[in-house]
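What follows is a single structure, written as structure tokens, with notes after it.
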Number of protein chains: 2
Amino acid sequence: MGENTLPEQIAHQLRREILLGNLKPGAPIKERDNAAELGVSRTPMREAIRILAKEGLVELRPARSPVVASPTLKEVTDCITVIVALEELSGELAVQHATEAEIAEIWKLHERMRDNYDVYDHIERFEVDMEFHMAIARASHNEALAETHAAYLRRMWRARFLSARTRRNRERVVRQHGEIVSGLQSRDAGQVAMAIHSHLGHLLDSISEAFAGQPETARPAEEQDANKALTA
Amino acid sequence: MGENTLPEQIAHQLRREILLGNLKPGAPIKERDNAAELGVSRTPMREAIRILAKEGLVELRPARSPVVASPTLKEVTDCITVIVALEELSGELAVQHATEAEIAEIWKLHERMRDNYDVYDHIERFEVDMEFHMAIARASHNEALAETHAAYLRRMWRARFLSARTRRNRERVVRQHGEIVSGLQSRDAGQVAMAIHSHLGHLLDSISEAFAGQPETARPAEEQDANKALTA
DNA sequence: CAACAAATTTTGGTATACCAAATCCCCTCA
DNA sequence: TGAGGGGATTTGGTATACCAAAATTTGTTG
């Protein structure tokens, strides 16, 4: 459970609250209150907030309260554009450099997703999905790439979480993951690139739909106080 | 000169010292000493160090002194691989979305580089070069992409600075920049991608050469104390 | 009653104090 | 003489105090 350092633990807590929606987009995050809430001082809480800012989950404004980020549709689609490029590159490099063990690991994650799709709840499902994509990036044997890719995935976690609730996604997601893995196994760069592109393309579609359906998620940024949300 | 916040100003100072080599790779950066040196307290100095860590210029180790990063050749080439992908994407998007004014701005930067190559010193030259590449990323109208791309450029600044001293680079760099701009002007995605790929490919070559020539820059991480380097 | 302004409170930024862990130095002992 | 250990010191991590700038409230006035 516990990450390494205290600020990371705090960041983990806050991140969870944000991603679950207990801290609504636009809500201010006050150092004192939240620090007191968790029984720590402002110093590590400050650092935790910076960590989340680096991940794009909160927005820092000089001399003002940091707020939970509320990205616009364009910002989200921009990020996904970058993710596509990063993951296509990951796939291309993984085809060249991934070990058999790493590909087997990716396959295992795919199996876990496929076999437990209905067993897992939303969060567990997304955690496996994230691990799957991160494993691909790691298999590129390019640490910088894997790191940047992971940062973008985390940043998009909530947006993806809000979309992709639809049931018909299930079969498609699993099938596309399968195509990616199979491309890796046969070391077919073209197939991998194609599968990744198509997979993330659909992600972009479903997120756009979600924004169209619930435009309140976009900018208006409901000003709700962040206090007391941490005790849950 | 002055960035917005105090930590950013401090980071700016430290960054300069690192990139100029006054703080050697592997040297520890002690919060107290450096803070005292600049006449500030540890708190903003800490934040400044985190900023530089985010940029990859310093390496944080829990409960230990942060050290100036000393990337291996592989780490540098990995980063350049990512930069290539990011900048190719930038070019592709810029061809679609850049305004004429933005392309003109890029052209102006190219002209400045071309006409003042011998007038500028190394640092000025690199600053213009960086602005040139950043302007391309900005012309993509994808903020996340521009930000990530800029972060990588900053991260590679020192490595590029250490390489690329050779005189014969001059003509090639200027010519390749010209090809990129001309591709943008004619909205030719293929030409832009080709030019960027070739341009950064040569960068990779010259950096590899530089590492082969001066392997001390690689890992050994000369343990030199960081103090007093800031007064310069 | 509305609107502006001053005073109060709130909040982030900075400085400082304290602590525990890591480092360093020197001494001992094989 | 070199390796190991123990104490002193350095150093990052955390808590807290203080300050200045925002934000908020309140009181006054047109």
Side-chain angles (χ1 to χ4, degrees), chain A residues 1-14 17-18 23-24 26-54 57-69 221-230, chain B residues 2-14 17-18 23-24 26-54 57-70 221-230:
Chain A
M1 171 80 76
E3 318 297 50
N4 272 336
T5 76
L6 178 55
E8 273 168 17
Q9 291 177 37
I10 300 174
H12 182 74
Q13 274 269 19
L14 281 180
E17 297 300 326
I18 292 174
L23 291 178
K24 298 266 167 50
I29 301 180
K30 306 177 198 182
E31 294 181 1
R32 278 180 173 83
D33 301 0
N34 289 29
E37 203 71 44
L38 294 179
V40 298
S41 85
R42 287 177 56 198
T43 317
M45 170 60 70
R46 257 178 93 76
E47 282 212 37
I49 292 175
R50 306 308 155 122
I51 292 175
L52 265 42
K54 178 171 93 179
L57 285 178
V58 315
E59 195 176 334
L60 296 179
R61 314 169 295 175
R64 270 175 198 73
S65 274
V67 294
V68 178
E222 41 248 294
E223 292 288 336
Q224 168 181 322
D225 201 278
N227 304 350
K228 288 298 173 184
L230 289 174
Chain B
E3 317 297 52
N4 272 335
T5 77
L6 178 55
E8 273 169 16
Q9 291 177 36
I10 299 174
H12 182 73
Q13 274 269 18
L14 281 180
E17 298 300 326
I18 292 174
L23 292 179
K24 299 266 167 50
I29 301 180
K30 307 181 197 176
E31 294 181 0
R32 268 179 246 273
D33 301 1
N34 289 27
E37 203 69 44
L38 294 179
V40 299
S41 84
R42 287 176 57 199
T43 318
M45 171 61 69
R46 256 179 94 76
E47 282 212 38
I49 291 175
R50 307 306 155 123
I51 292 175
L52 265 42
K54 180 172 93 177
L57 285 178
V58 315
E59 195 177 333
L60 295 180
R61 313 170 295 176
R64 270 175 198 74
S65 276
V67 295
V68 178
S70 56
E222 41 246 296
E223 292 288 335
Q224 167 180 324
D225 201 278
N227 303 352
K228 290 297 175 186
L230 289 174

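In what follows, chains carry the letters A, B, and so on, assigned in the order in which the sequence lines appear, proteins first and then strands, with residues in each chain numbered from 1. No hydrogens, no waters, no symmetry mates; every other heavy atom, side chains included, goes into these values.
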Side-chain heavy atoms of A:Met45 within contact of A:Leu14, under 4.5 Å: yes

Should B:Arg42 be listed as having a side-chain N or O under 4.0 Å from OP1 or OP2 of C:dT16? no

Side-chain heavy-atom pair B:Pro44, B:Ile10 within 4.5 angstrom cut-off: yes

Without decimals, in angstroms, what is the distance between B:Leu38 CG and C:dA15 P? 11 Å

Rounded off to whole Å, could you give me the CG-to-P distance for the B:Asp33 and D:dG12 pair? 8 Å

Please report the shortest heavy-atom distance between B:Asn4 and B:Gln9, naming the atom on each side. O-NE2, 4.1 Å

If you compare every side-chain N and O of B:Arg61 against the phosphate oxygens of D:dG13 (OP1, OP2), does one of them come in below 4.0 Å? no

Does A:Ser41 make a side-chain N or O approach to OP1 or OP2 of D:dT16 shorter than 4.0 Å? no

Separation of A:Leu6 atom CG from C:dA20 atom C1', in whole Å? 14 Å

Starting at the 5' end of DNA chain D, which residue's closest nucleotide do you reach first, A:Pro44 or B:Pro66? B:Pro66

Round to a whole Å and report the spacing from CE of A:Met45 to P of D:dG13. 17 Å

What is the distance, rounded to the nearest whole Å, between atom CG of B:Asn4 and atom P of C:dG13? 12 Å

Nearest whole Å is fine: how far is C:dT11 P from A:Glu31 CD? 11 Å

Verify the contact: side-chain N or O of B:Arg64 to OP1 or OP2 of C:dT23, cut-off strictly under 4.0 Å; return yes or no. yes

Gap between atoms CZ and P, on B:Arg32 and C:dA15 respectively (whole Å): 15 Å

Looking at A:Arg46, does any N or O in its side chain come under 4.0 Å of the phosphate oxygens OP1/OP2 on D:dG13? no

Rounded off to whole Å, could you give me the NZ-to-C1' distance for the B:Lys30 and D:dG13 pair? 17 Å

Within the side chain of A:Arg50, is there an N or O that forms a donor-acceptor pair under 3.5 Å with the backbone of A:Lys54? no

Quick check: closest heavy atoms across A:Ala48 and A:Pro7, and the distance to 0.1 Å? CB-O, 3.4 Å

Proximal nucleotide (of C:dG12, D:dG12, C:dA15) relative to the B:Ser65 side chain: D:dG12

